[in-house]
Amino acid sequence: MGLLAAVLWGGTDFLVGLNVRAVGAKRAVFFSQTLGVILMSLLLALFPAFLFKALAAPLDVWLMGMLAACFTLSGALALGKAFALGKAAIIAPLVTSYGVVTTLLSWASGEHISLVQLLCILVCVVGVILSSIHSGPKLPQNTDASRSIVYALLSACLYGTSFWLQGRYTLPQLGPVSMLWLGYVVGSSVSLLMMLKVPDGLKLPPLKSCGTLASSSLMNLGAFFAFSWGAMHGSVSVVTVISTLSGGIAAVLSYLFFKERLSKVQVTGVALVLLGALALHLKG
């Protein structure tokens, strides 16, 4: 299940790059979020017990869930912008460093961080620095490597904060299904308001783009359920470790389909980010 989640999340990241180049980051997020809320609403209609359990949670838990959903939406927008500007082979692994943010927030809220975890964070930081060094030929004019890395790290910070809020305040009482539904509701509502200010923002994308948009949303849902199933029936740490390989899978897909080549220094940096993230999840 962890490997399936990694493959699906890696495919999602790869398709996000295609979607933002075709319809723009905001429109890609809006259509993906809208499809997600439709599918999750159907799931709750078929299995209302999930919603009944969540309705018993106090109001402050729902408000905290909405805040976490806002962080997730902002992270998705930042990730889309990163893919629009730079190489997916660098961006996807960098986003996996969200575990660093989650760990640091857990430490700030009173949890103990071991020396091994601190070393893992240092490895990720060194990897981020190395992956941002470009020593090859001049990049195409439509690619801004430095800005894409900034947006990728911003996305990791936002996702890491969202995961920390969910794990600490919302998931125990709302449950994963209701929390995912709430996230899609908030995401689609906020992105709808954004689309109203964009010319032709609500216009349906081309048929080809509809396919990739739907595929990315379905892959994201499939990855989430695979991760949840593996975590419930096995080791959470093992499933989390394996699912973090999604960044490497997205990088491989980008190399195979887009021929995105990295310098040796960048490859070393990407490898260190993945290694640090994997070790951090394993020791988390």
Quick one: pull up [atom1] in [X] and [atom2] in [Y] and give me the separation to the nearest 0.5 Å.
{"X": "Q33", "Y": "M40", "atom1": "CD", "atom2": "CE", "result": "12.0 Å"}
{"X": "L44", "Y": "W181", "atom1": "CG", "atom2": "CH2", "result": "7.0 Å"}
{"X": "L154", "Y": "L94", "atom1": "CG", "atom2": "CG", "result": "12.5 Å"}
{"X": "L192", "Y": "K197", "atom1": "CG", "atom2": "NZ", "result": "11.5 Å"}
{"X": "L180", "Y": "L221", "atom1": "CG", "atom2": "CG", "result": "6.0 Å"}
{"X": "R27", "Y": "L213", "atom1": "CZ", "atom2": "CG", "result": "8.5 Å"}

Minimum heavy-atom separation for [X] and [Y], please, with both atom names.
{"X": "M179", "Y": "G65", "result": "CE-O, 3.3 Å"}
{"X": "A22", "Y": "S209", "result": "CB-OG, 3.5 Å"}
{"X": "C70", "Y": "V186", "result": "SG-CG1, 3.9 Å"}
{"X": "S148", "Y": "L85", "result": "CB-CB, 3.8 Å"}
{"X": "V95", "Y": "A152", "result": "CG2-O, 4.0 Å"}
{"X": "F30", "Y": "S191", "result": "CD1-OG, 3.4 Å"}

Sequence-distant partners of [X], ring-ring contact (aromatic ring centres under 6.0 Å, His included), two or more places apart:
{"X": "W62", "value": "none"}
{"X": "F71", "value": "none"}
{"X": "Y169", "value": "W164"}

Whichever hydrophobic residues join L119 through chains of side-chain contacts under 4.5 Å: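 Hydrophobic cluster check, L119: joined to L115.
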Which atom pairs, one a donor and one an acceptor, fall under 3.5 Å between side chains of residues 155-162 and the rest of the protein, sequence neighbours left out?
| from | atom 1 | to | atom 2 | distance (Å) |
| --- | --- | --- | --- | --- |
| S155 | OG | G75 | O | 2.9 |
| Y159 | OH | A76 | N | 3.3 |
| T161 | OG1 | C157 | O | 2.8 |
| S162 | OG | A68 | O | 3.0 |
| S162 | OG | T72 | OG1 | 2.6 |
| S162 | OG | Q166 | NE2 | 2.9 |

Under 3.5 Å: donor-acceptor pair, side chain of S32, backbone of V29: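 No, the answer is negative, given that no donor and acceptor are paired below the 3.5 Å cut-off.
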Residue F50 excluded, over 12 heavy atoms near CZ under 6.0 Å: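 Counting other residues, nucleotides and ligands, CZ of F50 stays at 12 neighbours or fewer.
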Any V20 side-chain heavy atom under 4.5 Å of K81 side chain: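 Result no, sub-4.5 Å side-chain heavy-atom pair not found.
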Y151 side chain near L79 side chain, heavy-atom distance below 4.5 Å: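 Counting from C-beta outward, Y151 and L79 never come under 4.5 Å.
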Linked, directly or transitively: I91 and L275 (ILVMFWY side chains, under 4.5 Å):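 They do not share one cluster, since no chain of ILVMFWY contacts under 4.5 Å joins I91 to L275.
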ILVMFWY cluster, V37 and L218 together (side-chain gap under 4.5 Å):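 They do share one cluster, since a chain of ILVMFWY contacts under 4.5 Å joins V37 to L218.
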Side chain to side chain donor-acceptor pair (under 3.5 Å) partners of residues 213-222, not counting sequence neighbours, each pair once: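 For residues 213-222: W9-N220, N19-S216, Y184-N220.
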Candidate pair L39 and L43, rule side-chain contact (heavy atoms from CB on, under 4.5 Å), full reasoning: CA-CA 6 Å; L39 293 175; L43 181 63; over 6 Å; no
CA sep, side-chain torsions, deciding dist, call: R168, S109, side-chain contact (heavy atoms from CB on, under 4.5 Å): CA-CA 10 Å; R168 186 173 179 86; S109 61; 3.6 Å; yes
